[in-house]
Amino acid sequence: MKKITLFLVFIGMMTLQSCEVTEINDTVDNDTISEVFEVTTSFNSNNNYSRLVTFDPPIYSSDVVLVYHLYDTVNGEDIWKLMPQTYYFSDGGELDFNFDYTRYNVNIFLSANFSLTTLPSSWTQDQTFRIAIIPANFATTVNKNNIDAVMSALSVTKGEIKKIDL
């Protein structure tokens, strides 16, 4: 009986040795959720030169928020600047477009080394921003200064940008 059992164990080991396991690496990134929003807003003393944009639903705590300011349009091409952004005036004035964020919202605000009430309306009225919510691992691998590079890396087209009305 021992010889039969030993023989069956030997056959079983030989059978298992000849098995080949083929791993299929069809990695689909199901956890990379990225969104890009666009908001046009105005700043004034009534809103304390800040605007709050709420995330619905809240973002993941590991996500990174990038905010871009539409600085200008040249020959039909938009010029986006990654915030925070400081603009310097010839009289020594410094204007900051800045933001902070939580899982629930992003606050876009202006600050300056002079009274914001003296700021020309071209800096405060109808300002457009793009808010990109990206996974933290993308934040280390993409050129964040270039909004087109960010959108390309995330496979977000201009048609997929969600407009927010405040």
Side-chain angles (χ1 to χ4, degrees), residues 27-166:
T27 55
V28 177
D29 191 0
N30 290 322
D31 66 343
T32 300
I33 301 170
S34 54
E35 296 179 286
V36 179
F37 301 99
E38 186 170 296
V39 60
T40 299
T41 190
S42 295
F43 300 96
N44 55 53
S45 59
N46 291 336
N47 61 23
N48 201 26
Y49 295 92
S50 67
R51 294 304 298 220
L52 192 67
V53 178
T54 304
F55 300 134
D56 186 22
I59 63 174
Y60 294 107
S61 59
S62 61
D63 285 343
V64 174
V65 174
L66 303 174
V67 179
Y68 297 86
H69 177 226
L70 178 59
Y71 176 71
D72 200 2
T73 302
V74 177
N75 297 326
E77 292 293 321
D78 292 338
I79 309 297
W80 295 96
K81 291 192 173 190
L82 178 63
M83 293 173 40
Q85 193 64 235
T86 301
Y87 299 100
Y88 300 95
F89 299 101
S90 60
D91 64 357
E94 296 177 12
L95 171 65
D96 294 317
F97 278 76
N98 208 341
F99 73 100
D100 57 38
Y101 71 93
T102 68
R103 290 187 57 226
Y104 306 99
N105 57 53
V106 61
N107 184 37
I108 302 170
F109 58 92
L110 304 183
S111 61
N113 65 352
F114 56 89
S115 174
L116 290 171
T117 59
T118 64
L119 196 59
S121 62
S122 60
W123 290 98
T124 60
Q125 303 304 297
D126 299 322
Q127 299 296 304
T128 301
F129 301 92
R130 285 205 177 145
I131 302 164
I133 301 169
I134 63 173
N137 64 327
F138 271 66
T140 60
T141 62
V142 68
N143 178 4
K144 295 179 289 291
N145 290 314
N146 183 335
I147 193 169
D148 294 326
V150 170
M151 290 178 51
S152 176
L154 298 172
S155 299
V156 175
T157 65
K158 288 183 181 182
E160 294 173 313
I161 297 172
K162 299 172 185 161
K163 305 280 186 188
I164 298 177
D165 294 319
L166 294 179

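What's counted below: heavy atoms across the whole structure, side chains too, no hydrogens, waters or symmetry copies.
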Checklist outcome for this item: Here the gap from F129 atom CZ to F99 atom CZ, rounded to the nearest 0.5 Å, amounts to 11.0 Å

Checklist entry - Do side-chain atoms of N44 reach the backbone of N46 as a donor and acceptor pair under 3.5 angstrom? => result yes

Checklist outcome for this item: Correct closest heavy-atom pair for G92 and N113 would be O-ND2, 3.3 Å

Checklist entry - Nearest 0.5 Å, what's the OG1-CG distance between T124 and L116? => result 9.0 Å

Item to check | Main-chain N/O of K158 paired to E160 side chain as donor or acceptor, under 3.5 Å | outcome: no

Next on the checklist: Please report the interatomic distance NZ(K162) to CD1(I131), rounded to the nearest 0.5 Å.
Outcome noted: 12.0 Å

Checklist outcome for this item: What one should report as the nearest heavy-atom pair of F55 and T102 is CE1-O, 3.6 Å

Checklist entry - For the residue pair H69 and Y87, does the interplanar ring angle fall in the parallel (under 30°), tilted (30 to 60°) or perpendicular (over 60°) class? => result perpendicular

Checklist entry - Does atom CG of D165 have more than 12 heavy-atom neighbours, drawn from other residues, nucleotides or ligands, at distances under 6.0 Å? => result no

Checklist entry - Is there a side-chain contact between L119 and L110, using heavy atoms and a 4.5 Å cut-off? => result yes

Item to check | Contact summary for N98 and M83, nearest pair of heavy atoms | outcome: O-CE, 3.2 Å

Checklist entry - How long is the gap from CG on N146 to CE on M151, to the nearest 0.5 Å? => result 10.5 Å

Next on the checklist: Looking at S42 and D126, would you say the former's side chain and the latter's main chain have a donor-acceptor pair under 3.5 Å?
Outcome noted: yes

Checklist entry - Within the distance-only criterion (no hydrogens, no angle test), does the side chain of Q127 pair as donor or acceptor with the backbone N or O of Y71 below 3.5 angstrom? => result no

Item to check | Side chain to side chain, L70 and E38, heavy atoms closer than 4.5 Å | outcome: no

Checklist entry - Pick one: which of F89, F114, F43, Y49 meets ring-ring contact (aromatic ring centres under 6.0 Å, His included) with W123? => result F89

Next on the checklist: Testing the basics here: between A149 and N143, what is the closest heavy-atom pair and its distance to 0.1 Å?
Outcome noted: CB-O, 4.0 Å

Checklist entry - Just by modelled atom types, is the E77 backbone N or O under 3.5 Å from a matching donor or acceptor in the N75 side chain? => result no

Checklist entry - Quick check: does any side chain N or O of D63 sit under 3.5 Å from a backbone N or O of I133, one acting as donor and the other as acceptor? => result no

Checklist entry - Does I59 offer a backbone N or O that forms a donor-acceptor pair with the side chain of R103 under 3.5 Å? => result yes

Item to check | N47 side chain to L52 backbone, donor-acceptor under 3.5 Å | outcome: no

Checklist entry - Can a donor-acceptor pair be found between the side chains of T54 and N105 at a distance below 3.5 Å? => result no

